[in-house]
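We count ligands from 1, going down the list as the structure has it; atoms in each ligand are counted the same way.
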Amino acid sequence: MKPVAWMAAVAAALVPVYAAAQEATLKLVSAFPETATYVKHLSPWMQKFNAEGKGVLQINFIGGPKAIPTFEVGTSVKNGVVELALSTGAFYTNLMPEADFLKLAQNTVAEQRRNGAFDYINKVWNQKANLQYVARMVEDTPFHLYLNKKIDKPDLKDLKIRVTPVYRDFFAALGATLMQTAPGEVYTALERGVVDGYGWPIQGIFDLNWHEKTKYRVDPGFYNAEVSIIMNLDAYRKLTPAQRQYLDKQALALEALNGVWKKMNDEDTRRQAQAGIQVITFDPATSKNFLDQAYDVAWASAIKASPDHGPQLRKLLSK
Ligand code: 173
């Protein structure tokens, strides 16, 4: 056979294989328990993703931390055990300290896509953790300190507080004794009195019945809860242009739903009051110091842990 004829024959033989390879299925795990609002919010999106993505791209939801423990999700995505995860950076700081910096964002993810922050995040996530940062699913959601013992000033001396990396440096600076747990272990820790309180966003304490074991919420809230879809970089690079375009389109569609969080947060704030959770506040100057300290401590620690990317990310994520 002449080379041209030979190449044509091979190409013809490859067509059916190529066509059959057009649909790919990506496994997704959640680092949050399946009863969390985050998973409930993602479910209809995954359904739509699969309905509209037939023949192109599908998601196979594997489950929550029973499938892969919360703090092992990042490594599993990095290594390609699963292709996708719903997680927050605090759960994969074992891969890189930068993972936890996104809680400090003061701009929206839409702005981050415009001002280069999103690309910068991806540069770091690609290089340091073999991850592609696909979409930020939660916005407008501050974290709070929840307590079972009353305080009248921001002094956590003598208090044992459940943390993740989100709160670690701030609560340590306030004098707390720290205990790290995954969300799935908070209820038991409260029930057994192993901790006197915990950090969590304004939304979600009802998902795992923590309201039953919570007396106080400290205001103001601080930071900006980051919950996102991350993807194994090799799997991302293997997508065909059509598959990648489809994923990007659905990522933007997920972010376009982020307006719901303000309403969800208002609703949960009301529910907390109804559940008898009392709000601890400080005088205005103390509140301001509390909030300033939250950011100062976190950025100082971020820049120390990542002298190269910390300052850049601070610029790109601040107002
Ligand atoms: O588990 C946590 O408190 C935590 O780090 C977190 C982060 C983002 C959203 C919800 C919880």
Engineer: Hey, which residues fall under 4.0 Å of ligand 1 on heavy atoms?
Structural biologist: F32, Y38, T88, A90, F91, F143, R162, T164, V166, Y167, P183, G199, W200, P201, E226, V227
Engineer: Considering only residues two or more places apart or on different chains, which pairs with a residue in residues 54-64 satisfy side chain to side chain donor-acceptor pair (under 3.5 Å)?
Structural biologist: none
Engineer: Kindly list each side-chain donor-acceptor pair under 3.5 angstrom involving residues 136-145, sequence neighbours excluded, with atom names and distances?
Structural biologist:
unit_1: R136; atom_1: NE; unit_2: V138; atom_2: O; d: 3.1
unit_1: R136; atom_1: NH1; unit_2: L102; atom_2: O; d: 3.0
unit_1: R136; atom_1: NH2; unit_2: N224; atom_2: O; d: 3.0
unit_1: R136; atom_1: NH2; unit_2: A225; atom_2: O; d: 3.2
unit_1: E139; atom_1: OE1; unit_2: V109; atom_2: N; d: 2.8
unit_1: E139; atom_1: OE2; unit_2: N258; atom_2: ND2; d: 2.7
unit_1: T141; atom_1: OG1; unit_2: E139; atom_2: O; d: 2.8
unit_1: T141; atom_1: OG1; unit_2: N265; atom_2: ND2; d: 3.1
unit_1: H144; atom_1: ND1; unit_2: V218; atom_2: O; d: 2.9
unit_1: H144; atom_1: ND1; unit_2: D219; atom_2: OD1; d: 3.2

Engineer: Would F290 and F282 count as a close aromatic pair, with their ring centres under 6.0 Å?
Structural biologist: yes
Engineer: I'd like to know if the side chain of Y92 pairs up with that of E72 as donor and acceptor (distance under 3.5 Å, no hydrogens or angles considered).
Structural biologist: no
Engineer: If you take the centroid of each ring, where Trp contributes its six-membered ring, are Y167 and Y223 closer together than 6.0 Å?
Structural biologist: no
Engineer: Among residues two or more places apart or on two chains, list those pairs meeting side chain to side chain donor-acceptor pair (under 3.5 Å) that have a residue in residues 276-298.
Structural biologist: D283-T286, K288-D292
